[in-house]
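Working notes, structure below.
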There are 2 protein chains.
Amino acid sequence: MFDVFQKYLEEKIKLTEQNLELIQSVSVIKKLRKHQYLLQADDVWQYNSFVCKGFVRTYYVDNKGQERILNFSPENYWICGDKASLASKKPSKYNIDAIDASEILLIRKTDFEMLCKKIPVLNDFINSISQENFIAMQERICVNITFTAEEQYTNFIQKFPAIANRVPKHMIASYLGISAETLSRLRKQATKK
Amino acid sequence: MFDVFQKYLEEKIKLTEQNLELIQSVSVIKKLRKHQYLLQADDVWQYNSFVCKGFVRTYYVDNKGQERILNFSPENYWICGDKASLASKKPSKYNIDAIDASEILLIRKTDFEMLCKKIPVLNDFINSISQENFIAMQERICVNITFTAEEQYTNFIQKFPAIANRVPKHMIASYLGISAETLSRLRKQATKK
DNA sequence: AAATACTCTTGACAAATGTCAAGAGAAATT
DNA sequence: AATTTCTCTTGACATTTGTCAAGAGTATTT
């Protein structure tokens with residue numbers, strides 16, 4: 001499964017064979033059955049992680065007991081994980097589990113930092129991804145504070161058609177912060193138009 | 001006004017005099033009258049910026065013509081600006097203007113990159129701030145998709161009491177994505193309890 | 001000092017969204 | 001094949017939130 005990650009990297013940046021070997025030497029593949037956890041709330045998150053195969057979600061349970069999905073991570077994407085837990089070594093408030101059977105590449109925080117120091121192009125690449133994530137997150141806040149539920153849903157399926165087709169509707173509702181019933185009714189209305 | 005920034009930096013990291021001089025050499029102070037723009041939508045944003053004095057907000061106008069506030073930046077904080085515009089040189093979708101008369105320290109993108117390369121401690125410091133911002137943004141998304149309007153307001157005044165006391169209520173409503181009237185009613189209810 | 005603009009509140013009503021309960025069909029499990 | 005679980009929808013109703021209009025009190029400007 002490392003080859004998936006390697007292919008991803010090689011499409012983005014130029015790496016020597018030595019660099020690749022170094023990266024591989026600190027990479028671990030973890031297989032997840034469907035519904036299996038990669039991280040459970042109250043554990044400490046200590047990896048950078050990449051989805052080689054499958055599909056994963058990050059969620060938490062709110063004060064009313066409802067699951068709220070913070071992020072979907074499909075194949076060929078990094079998992080956001082819990083940066084707060086990663087930085088502070090405090091227990092995570094998030095759970096990560098497999099929506100489909102998955103294979104996840106893990107690199108320990110310290111190893112990852114070592115890689116970034118030794119491989120400047122990797123460091124630059126990771127920084128640019130962080131920046132993209134930041135922008136995407138800001139976009140999401142804009143959508144949240146501006147759009148109605150219907151507009152949010154339309155925006156979601158237009159922006160993430162692959163995810164929209166792959167996950168159950170109630171998860172999309174959870175991601176958007178609306179109830180599954182409301183989403184169902186919005187969908188009904190939309191077909192009428 | 002550079003001394004405010006200098007003091008801020010020296011509390012966080014160790015810098016040589018040369019470093020400080022280098023930073024100062026690329027820093028520009030811009031004074032803003034109340035309500036004056038630092039950035040207008042459709043212009044390109046090209047700075048890293050820090051509020052030495054005053055108070056600034058970042059907002060955009062939504063498709064229904066309403067102002068939506070993305071961020072408040074008080075004294076001694078960086079202004080988020082528009083990272084997308086900064087990165088791509090495309091016109092910004094955001095406006096930044098002064099809530100109070102302000103003095104803003106500006107460093108051009110290219111100069112800022114030069115500083116980060118030449119001063120590793122600065123680079124590390126900026127990275128850690130980016131990370132904190134990222135975590136804060138994720139928190140905000142959680143709040144948005146989980147909390148009711150009332151919970152969001154309570155959370156806001158508890159988390160940012162200084163801002164809450166300083167800006168008009170309708171701006172807080174705009175930041176939270178609720179109407180000014182709703183906020184007013186929530187406040188009334190809260191006093192009854 | 002007068003005029004103007006801003007801030008906050010309130011009422012009345014409409015629209016959007018949530019909650020609870022139920023059921024039908026599809027998918028997964030045994 | 002039967003059972004169980006999951007997914008999606010629907011109805012009925014309550015609650016929350018938005019919109020429009022108005023007004024009172026504060027700041028700000030002229």
Side-chain angles (χ1 to χ4, degrees), chain A residues 32-36 54-55 57 59 62-69 72 97-102 143-157 163-193, chain B residues 32-36 54-55 57 59 61-69 72 97-101 143-157 163-193:
Chain A
L32 297 176
R33 298 182 312 276
K34 193 171 181 174
H35 298 141
Q36 192 179 353
F55 200 14
R57 68 175 177 155
Y59 72 94
D62 72 18
N63 47 6
K64 288 151 203 151
Q66 284 203 328
E67 284 182 5
R68 302 285 180 169
I69 295 179
F72 296 109
D97 69 5
I99 295 179
D100 291 337
S102 303
V143 167
N144 266 321
I145 66 176
T146 308
F147 286 179
T148 63
E150 186 189 353
E151 290 166 331
Q152 286 193 53
Y153 177 64
T154 307
N155 177 264
F156 182 85
I157 53 177
I163 296 178
N165 289 325
R166 201 164 170 185
V167 305
K169 306 283 173 281
H170 66 88
M171 287 194 187
I172 299 178
S174 167
Y175 177 92
L176 298 176
I178 63 180
S179 71
E181 293 93 333
T182 294
L183 179 56
S184 177
R185 291 185 179 108
L186 295 176
R187 284 162 47 75
K188 194 182 176 186
Q189 277 179 31
T191 55
K192 280 186 188 167
K193 286 177 185 168
Chain B
L32 296 176
R33 298 182 313 277
K34 194 172 179 172
H35 297 140
Q36 192 178 351
F55 200 14
R57 67 173 176 156
Y59 71 95
V61 178
D62 72 19
N63 48 6
K64 287 150 204 153
Q66 284 203 328
E67 284 183 4
R68 303 284 180 169
I69 295 179
F72 296 109
D97 70 4
I99 294 178
D100 291 338
V143 166
N144 267 320
I145 65 176
T146 308
F147 286 179
T148 63
E150 187 189 353
E151 290 168 330
Q152 286 193 54
Y153 177 64
T154 308
N155 177 265
F156 183 84
I157 54 177
I163 296 178
N165 288 327
R166 201 164 171 184
V167 305
K169 306 283 173 281
H170 67 87
M171 286 194 187
I172 299 178
S174 166
Y175 177 92
L176 297 177
I178 63 179
S179 72
E181 293 94 333
T182 294
L183 179 57
S184 177
R185 290 183 181 111
L186 295 177
R187 282 162 47 75
K188 194 183 177 186
Q189 278 178 30
T191 56
K192 281 185 189 168
K193 286 177 187 171

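Protein chains get the first letters and strands the later ones, always in sequence-line order, with residue 1 at the start of each.
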Task: Residue B:P168, side-chain atoms from C-beta onward, closest of C:dT19, C:dT7, C:dT9 - done: C:dT7
Task: Spacing of A:T146 atom OG1 and B:K64 atom NZ [to the nearest 0.5 Å] - done: 8.0 Å
TODO: Specify the separation, in whole Å, of atom CD of A:Q189 and atom P of D:dT10.
DONE: 11 Å
TODO: Have a look at A:I178 and say if it touches a base, only the backbone sugar-phosphate, or nothing, with a 4.0 Å heavy-atom cut-off.
DONE: sugar-phosphate
Open item on the list: As a test of reading the structure: which of D:dT9, D:dT28, C:dT17 is closest to the side chain of B:K34, going by heavy atoms?
Closed with: D:dT28
TODO: Please report, rounded to the nearest Å, how far the P atom of C:dT17 is from the CG atom of A:N144.
DONE: 12 Å
Task: Length of the line joining B:E67:CD and C:dC6:C1', which is rounded to integer Å - done: 13 Å
Task: Given D:dT17, C:dC8, D:dC8, the nucleotide with the shortest approach to the side chain of B:T182 - done: D:dT17
Task: B:R68 CZ - D:dG18 C1' separation (whole Å) - done: 11 Å
Open item on the list: Can you say whether a donor on the side chain of B:E181 sits under 3.5 Å from an acceptor on the base of C:dC8, or the other way round?
Closed with: no
Task: Phosphate-side-chain proximity, B:R187 and C:dC8, N/O vs OP1/OP2 below 4.0 Å - done: no
TODO: Grab the OH-P distance between A:Y153 and C:dT17 for me, whole Å please.
DONE: 15 Å
Task: Sidechain N-carboxylate O distance under 4.0 Å for B:R166, B:D100 - done: yes
Open item on the list: Output the rounded distance in Å from CD (A:E151) to P (D:dT17).
Closed with: 18 Å
TODO: Side chain of B:S179 only, please: which of D:dG18, D:dT7, C:dT19 is the nearest?
DONE: D:dG18
Open item on the list: If I take atom CZ in residue B:F147 and atom P in nucleotide D:dT16, what distance separates them, rounded to the nearest angstrom?
Closed with: 16 Å
Open item on the list: Could you measure the distance from the CG atom of A:L183 to the NZ atom of A:K188? Nearest 0.5 Å is fine.
Closed with: 14.0 Å
Open item on the list: Can you see if the side chain of A:K169 gets near the phosphate of D:dC8 - specifically, an N or O under 4.0 Å from OP1 or OP2?
Closed with: yes
Task: Residue whose nearest DNA chain D nucleotide is more 5′ - A:R185 or B:R185 - done: A:R185
Open item on the list: If the threshold is 4.0 Å, N to carboxylate O, is there a salt bridge linking A:E67 and A:R57?
Closed with: yes
Open item on the list: Between B:H170 and A:L186, which residue's closest nucleotide on DNA chain C lies nearer the 5′ terminus?
Closed with: B:H170
Open item on the list: What is the distance, to the nearest angstrom, from the CD atom on A:E150 to the P atom on D:dG18?
Closed with: 17 Å
- [ ] Over 60° means perpendicular and under 30° means parallel, so classify the ring planes of A:Y175 and A:F156, tilted if in between.
- [x] tilted
- [ ] Please tell me which of the listed nucleotides, C:dG11, D:dT28, D:dG11, lies nearest to the side chain of B:K188?
- [x] C:dG11
